[in-house]
Undergrad: 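Input: one structure, supplied below.
Atom set for the values below is all heavy atoms of this structure, side chains included, hydrogens, waters and symmetry mates excluded. Computed from a predicted model, the values in this text were never measured in an experiment.
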Amino acid sequence: MILCLIALIGCREDDDVISSDELTVTNISVSVEDSVYVVLSGDYKKSESFTFTYADDWVVTGFKDSLFTISQKSGKAGDNTITISAKDYNCSDTLCTTTFSVTPVNKNDIEKINVCVLQKPAFGLDEMNIQVSPEGDTLHLKFNTDIEINESLIFVGNDFMMEKSTIEGNNIEIIIKPNVTDKIIHGAFCITMKDNDGKLIHSGFCNIEQPTMSSVSKDMYTEDGKVTRLLSHTRGKGIPIVIMGDGFLDVDITSGRYRSATKKAADAIFDRYPMSCLKDYFDIYEVTAVSHNNYFSDLSSTAFGCRYADRRTIDSHWGKIVDYACKAIDENRLKDAVILTLLNDSVYAGSCMMHSECEVSDIPSGWSIACLPVGDSNFEYTINHEVVGHGFAKLADEYIEFEGEIPYDEIEYTKTYQSYGFYRNLSFSNDVTKSYWAKLAADSRYAHEKLGCYEGGRYYPKGVWRPTDDSVMNGFVECFNAIGRLMIYKRCMNIAYGDKWKFDYEDFVNFEKANAQMYASSSKAKTRSASKKHLGSCVRIVESPKISQ
């Protein structure tokens with residue numbers, strides 16, 4: 001809808017007509033899918049009208065008069081005209097909108113007219129968000145307006161950033177001082193003018209961000225794209241994990257700080273069972289990535305464009321992340337890879353994007369990208385949740401975020417991916433014999449784990465069941481539950497030995513027996529704070545990605 005409204009600005013068609021057996025609408029600003037879109041100038045003195053013919057008396061419904069006025073709210077059958085005006089200039093940088101309907105009084109079979117009113121900004125700058133150089137900068141901007149003005153425009157800004165500003169016609173020049181502080185400066189400016197009546201009008205605010213000298217890379221290329229192997233497999237053919245960073249400067253790489261972050265991540269991946277007993281099957285690669293800035297905002301420039309989204313999830317340019325991973329591994333190994341992108345930050349956040357091969361199988365396949373900050377106090381837990389649980393084993397979240405019963409389309413979606421080997425730690429029945437962990441639950445050797453069907457999972461409290469009350473995929477605890485460990489084991493052996501390896505349940509049980517001490521130490525580890533909020537809906541799946549985005 002927003003894209004549609006933006007596209008409508010300036011698209012006036014004076015002779016558009018909507019007609020049916022009972023009504024005709026003419027002289028409207030824009031017509032889209034039997035709705036009337038009236039586009040007003042940012043100047044409140046300029047009105048717009050539309051004319052319609054009704055075979056019945058009519059009334060306006062749903063009109064809110066906080067921003068706009070209309071010439072009449074009811075009328076008789078026949079030809080009618082409604083004139084719409086704004087109450088004031090639109091001094092924001094976005095559209096002002098309202099909607100209402102023209103509805104027949106008596107005949108229910110006559111179509112009602114849905115009207116959307118849009119008022120353009122009084123005037124706008126060609127850029128509303130700008131990052132300037134730490135050394136200072138000169139900005140050359142343009143603005144546009146359809147208002148008749150009487151006095152020259154006046155610039156209003158932040159004196160601590162601005163050295164000088166001039167306005168000539170529709171052109172603005174602003175000279176920004178160097179940032180000699182040790183902090184990133186966030187500022188804003190607007191422009192003002194007077195109309196012929198002496199009324200003051202201002203624009204929306206243009207946001208300016210100025211980094212410090214210490215938050216910018218000096219050399220973007222020398223240290224970028226280098227590959228170092230941090231771990232080599234001694235069993236199987238090698239399972240690739242590629243680690244890279246976002247928001248790290250060139251100096252972070254030359255000083256060893258980047259390496260410290262990637263090694264910290266590599267150690268965390270294998271710090272608990274069963275990964276602690278499968279380390280010999282993995283290859284870990286570091287790929288350096290130099291960012292222009294070492295912080296994350298709407299204006300900062302980092303190697304992979306990571307940004308914090310809703311509910312502490314992370315968006316990124318995943319196509320570029322995949323390209324960098326391919327500097328370390330051949331594309332034919334990509335489907336087996338987990339790619340970890342470390343944000344040079346300390347907030348609690350994390351996301352995992354999983355690629356699916358969409359092949360019916362008991363063992364999932366496809367690469368994944370996990371993104372998380374390296375400095376969070378829950379780093380080791382988040383690594384295991386995002387990288388091992390989601391990224392490698394393709395497990396679902398077991399925690400609850402929303403209310404009510406899981407929607408039908410979510411169930412069908414999840415079942416489809418379960419047929420590909422994903423999300424095997426969920427069931428849509430409270431009968432444990434119908435779950436993917438039925439054999440484990442029936443095995444007396446696993447009785448101590450209390451496997452069953454615990455209601456709640458995949459963000460909903462009802463209509464979906466998880467195998468244990470708690471696990472890495474649910475709360476801040478140190479251990480994976482039995483089905484989680486089984487999926488980690490399965491995928492590890494399948495990649496390491498290929499088609500010649502066939503799953504045998506007793507082999508898995510024997511693997512667990514041989515490493516019982518490791519598992520026991522993990523399960524007795526201290527549980528983390530239960531009051532910590534979970535990441536929200538942090539998993540996404542893509543099916544047919546392009547290597548470059």
Undergrad: Students often mix this up, so state it plainly: with edges at 30° and 60°, are the rings of His385 and His390 parallel, tilted or perpendicular?
TA: perpendicular

Undergrad: So does Arg485 pair up with Glu449, basic N to acidic O under 4.0 Å?
TA: yes

Undergrad: Between Arg333 and Asp283, does a salt bridge (charged side-chain N to carboxylate O under 4.0 Å, His left out) hold up when you go through it step by step?
TA: CA-CA 11 Å; Arg333 296 185 71 197; Asp283 294 323; 3.3 Å; yes

Undergrad: Hey, does the Lys NZ or Arg CZ of Arg458 hover above the aromatic six-ring of Tyr423, less than 6.0 Å from the centre and inside 45° of the axis?
TA: yes

Undergrad: With a 4.5 Å cut-off on side-chain heavy atoms, are Pro121 and Asp93 touching?
TA: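 Result no, sub-4.5 Å side-chain heavy-atom pair not found.
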
Undergrad: Could you tell me how the ring of Tyr417 sits relative to the ring of Tyr420: parallel (under 30°), tilted (30 to 60°) or perpendicular (over 60°)?
TA: perpendicular

Undergrad: Have a look at Asp252 and tell me which of Thr254, Asp250, Leu249 forms a side-chain contact (heavy atoms from CB on, under 4.5 Å) with it.
TA: Leu249

Undergrad: Under 4.0 Å between a side-chain nitrogen and a carboxylate oxygen: does that hold for Glu357 and Lys335?
TA: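 A salt bridge is absent here (no side-chain N lies under 4.0 Å from a carboxylate O).
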
Undergrad: Any side-chain heavy atom of Asp336 within less than 4.5 Å of one from Phe392?
TA: no

Undergrad: Taking the side chain as every heavy atom from C-beta outward, state whether Tyr436 and Ser427 have any pair of such atoms under 4.5 Å apart.
TA: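 They are not in side-chain contact.
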
Undergrad: Might you point out which heavy atoms bring Trp437 and Asn425 nearest each other, and give the distance in Å?
TA: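 What the structure gives for the nearest pair is CZ3-C, 3.5 Å.
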
Undergrad: Flag yes if more than 12 heavy atoms outside Asp504 fall under 6.0 Å of its CG atom; otherwise flag no.
TA: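 Counting other residues, nucleotides and ligands, CG of Asp504 exceeds 12 neighbours.
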
Undergrad: Can you list the steps and then say if Asp271 with Asn384 is a side-chain hydrogen bond (donor to acceptor under 3.5 Å, both in side chains)?
TA: CA-CA 9 Å; Asp271 77 343; Asn384 279 272; 3.2 Å; yes

Undergrad: Looking at side-chain heavy atoms only, is the closest gap between Ser346 and Asp376 below 4.5 Å?
TA: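 Side-chain contact under 4.5 Å: no.
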
Undergrad: Counting only heavy atoms not in Lys263, do more than 12 fall under 6.0 Å of its NZ?
TA: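 It does not: Lys263 NZ has 12 such atoms or fewer within range.
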
Undergrad: Counting neighbours of CD on Glu412 that are heavy atoms of other residues, nucleotides or ligands and sit closer than 6.0 Å, is the number greater than 12?
TA: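 Check passes, neighbour count above 12.
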
Undergrad: Show the nearest heavy-atom pair for residues Tyr258 and Gly245, with the distance to one decimal.
TA: OH-N, 2.7 Å

Undergrad: Distance alone, cut at 3.5 Å: any donor-acceptor contact between the side chains of Glu512 and Tyr273?
TA: yes

Undergrad: Can you tell me if Ser217 uses its side chain to pair, donor with acceptor, with the backbone of Met220 under 3.5 Å?
TA: no

Undergrad: Before accepting this row, confirm whether a basic side-chain N of the pair Asp362/Lys490 lies closer than 4.0 Å to the acidic partner's carboxylate O.
TA: no

Undergrad: Among all residues two or more places apart in sequence or in another chain, which pass the ring-ring contact (aromatic ring centres under 6.0 Å, His included) test with Phe503?
TA: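 Checked Phe503 against ring-ring contact (aromatic ring centres under 6.0 Å, His included); zero matches.
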
Undergrad: Going by atom types only, do Ser351 and Glu386 share a side-chain donor-acceptor pair under 3.5 Å?
TA: no

Undergrad: Which heavy atom in Ala261 sits nearest to a heavy atom in Leu342, and how many Å separate them?
TA: O-CD1, 3.5 Å

Undergrad: Determine whether Gln418 and Phe428 make a side-chain contact, defined as any pair of heavy atoms from C-beta on separated by less than 4.5 Å.
TA: yes

Undergrad: Would you say the rings of Phe511 and Tyr489 are close, in the sense that their centroids are separated by under 6.0 Å?
TA: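 Close enough - the centres of the two rings lie under 6.0 Å apart.
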
Undergrad: Give the intermediate values and the outcome of salt bridge (charged side-chain N to carboxylate O under 4.0 Å, His left out) for residues Asp469 and Arg466.
TA: CA-CA 7 Å; Asp469 188 38; Arg466 62 189 186 274; 3.3 Å; yes

Undergrad: Taking the side chain as every heavy atom from C-beta outward, state whether Val322 and Leu334 have any atom pair closer than 4.5 Å.
TA: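 A side-chain contact exists here, since the closest heavy-atom pair is under 4.5 Å.
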
Undergrad: Does Lys327 make a cation-pi contact with Tyr324 (under 6.0 Å, within 45 degrees of the axis)?
TA: yes

Undergrad: When you compare the side chain of Arg307 with that of Thr302, does any pair of heavy atoms fall below 4.5 Å?
TA: yes

Undergrad: Quick check: Phe270 with Phe282 (ring centres under 6.0 Å apart)?
TA: yes

Undergrad: Are Met244 and Ile339 packed together at the side-chain level, in the sense that at least one heavy-atom pair is separated by less than 4.5 angstrom?
TA: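 Met244 vs Ile339: side chains touch.
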
